[in-house]
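The figures here come from the full heavy-atom set of this structure, side chains too, leaving out hydrogens, waters and symmetry mates.
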Amino acid sequence: TDFVKASPEAKQDLTTLLQREQVDLYQNKLSNTFVAPLNTEIEAFASALTYLQAYLKQPHSFKLQEAAGYLKQANYRLELLNNGRYVVLRENAPIHGWGLYVIDTQATSELALGIPAPLDENGTFDAGVILFNGFAARSLAISGSRRKHYSDVSADVLKSQQSFFQ
């Protein structure tokens, strides 16, 4: 398959993953790794989301496989955590700063939370994760770059049209 299920031995759950991602995000804060996604990458990511939405309505593994195939075209991988409850979309190396995305397959709410500036606004990463859990939100999007890293708006997910946050 093109997606990864966390093995029980790995003891990788969503909380552990988010803690690691936060550390990695802050460690990469000073690097200039952001590269704006190409239109083809944005289209592939959007196609993957379409399959994931279909999976939420009728969970069949082939929908995850299709989504994973599209995500691969966008330099992402799909991981299942907590016995398949969470679908996590993570960048493959090299990291471009496009973000981390989590979908709770068991959420009854359609609430989608975004953390567009975790590197620019202290505490927003932690606050966003707490709100995601507290409100039992359907999805969480965490930007992987600084909003004001470049003189243009290319890395600013709130202003750029070339973003997976659209």
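Nearest approach of Thr124 to Pro118, heavy atoms of both residues: OG1-CA, 3.4 Å. Considering all non-hydrogen atoms of both residues, Ser143 and Pro116 come closest at CB-O, 3.3 Å. Of all heavy-atom pairs spanning Ser109 and Ala136, the tightest one is CB-O, 3.6 Å.
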- request: Take Ile142 and Leu18 through the side chain to side chain contact (heavy atoms under 4.5 Å, CB included) test and state the conclusion after the steps.
  value: CA-CA 10 Å; Ile142 304 170; Leu18 289 173; 4.1 Å; yes

message: For a side chain to side chain contact (heavy atoms under 4.5 Å, CB included) check, start with the C-alpha distance between Leu78 and Val88, then their side-chain angles and the critical distance, and finish with the verdict.
response: CA-CA 6 Å; Leu78 187 153; Val88 179; over 6 Å; no

task: Take Gln19 and Thr15, measure what side chain to side chain contact (heavy atoms under 4.5 Å, CB included) needs, and give me the verdict at the end.
output: CA-CA 6 Å; Gln19 289 168 344; Thr15 302; 3.8 Å; yes

- request: Walk me through it: do Glu43 and Gln73 pass the test side chain to side chain contact (heavy atoms under 4.5 Å, CB included)?
  value: CA-CA 9 Å; Glu43 290 166 6; Gln73 294 174 35; over 6 Å; no

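Following chains of ILVMFWY side-chain contacts shorter than 4.5 Å, one can reach Ile115 starting from Leu131, so the two form part of one hydrophobic cluster. Both Phe135 and Val129 belong to a common hydrophobic cluster when Ile, Leu, Val, Met, Phe, Trp and Tyr are linked at side-chain heavy-atom distances under 4.5 angstrom. Hydrophobic clustering of Ile, Leu, Val, Met, Phe, Trp and Tyr side chains at less than 4.5 Å, counting indirect connections, unites Leu49 with Val87. Both Leu14 and Leu111 belong to a common hydrophobic cluster when Ile, Leu, Val, Met, Phe, Trp and Tyr are linked at side-chain heavy-atom distances under 4.5 angstrom.
Atoms CD and NE2, on Glu66 and His60 in that order, are 13.5 Å from each other to the nearest 0.5 Å. Rounding to the nearest 0.5 angstrom, the gap separating the OG atom in Ser61 from the OH atom in Tyr55 is 8.0 Å. Taken to the nearest 0.5 Å, the OG1 atom of Thr105 stands 8.5 Å off from the CG atom of Leu80. Leu52 CG to Leu64 CG: the interatomic distance, rounded to the nearest 0.5 Å, is 6.5 Å. Atom CZ of residue Phe45 and atom OH of residue Tyr101 lie 5.0 Å apart, to the nearest 0.5 angstrom. Between the CD atom in Glu79 and the CG atom in Leu100 there is a gap of 9.0 Å [rounded to 0.5 Å].
Grouped with Tyr51 in one hydrophobic cluster are Tyr70, the linkage being side-chain heavy-atom contacts under 4.5 Å among Ile, Leu, Val, Met, Phe, Trp and Tyr residues.
Legend: residues meeting side-chain hydrogen bond (donor to acceptor under 3.5 Å, both in side chains) with Asp104, ordered by chain and number and at least two apart, are Arg85. Every residue two or more places apart in sequence or in another chain that forms a side-chain hydrogen bond (donor to acceptor under 3.5 Å, both in side chains) with Glu110 is listed here: Arg138.
For Glu91 (side chain) and Trp98 (main-chain N/O), a donor-acceptor pair under 3.5 Å exists by modelled atom type. Here the side chain of Asn92 pairs no donor or acceptor atom with the backbone of Lys72 at under 3.5 angstrom.
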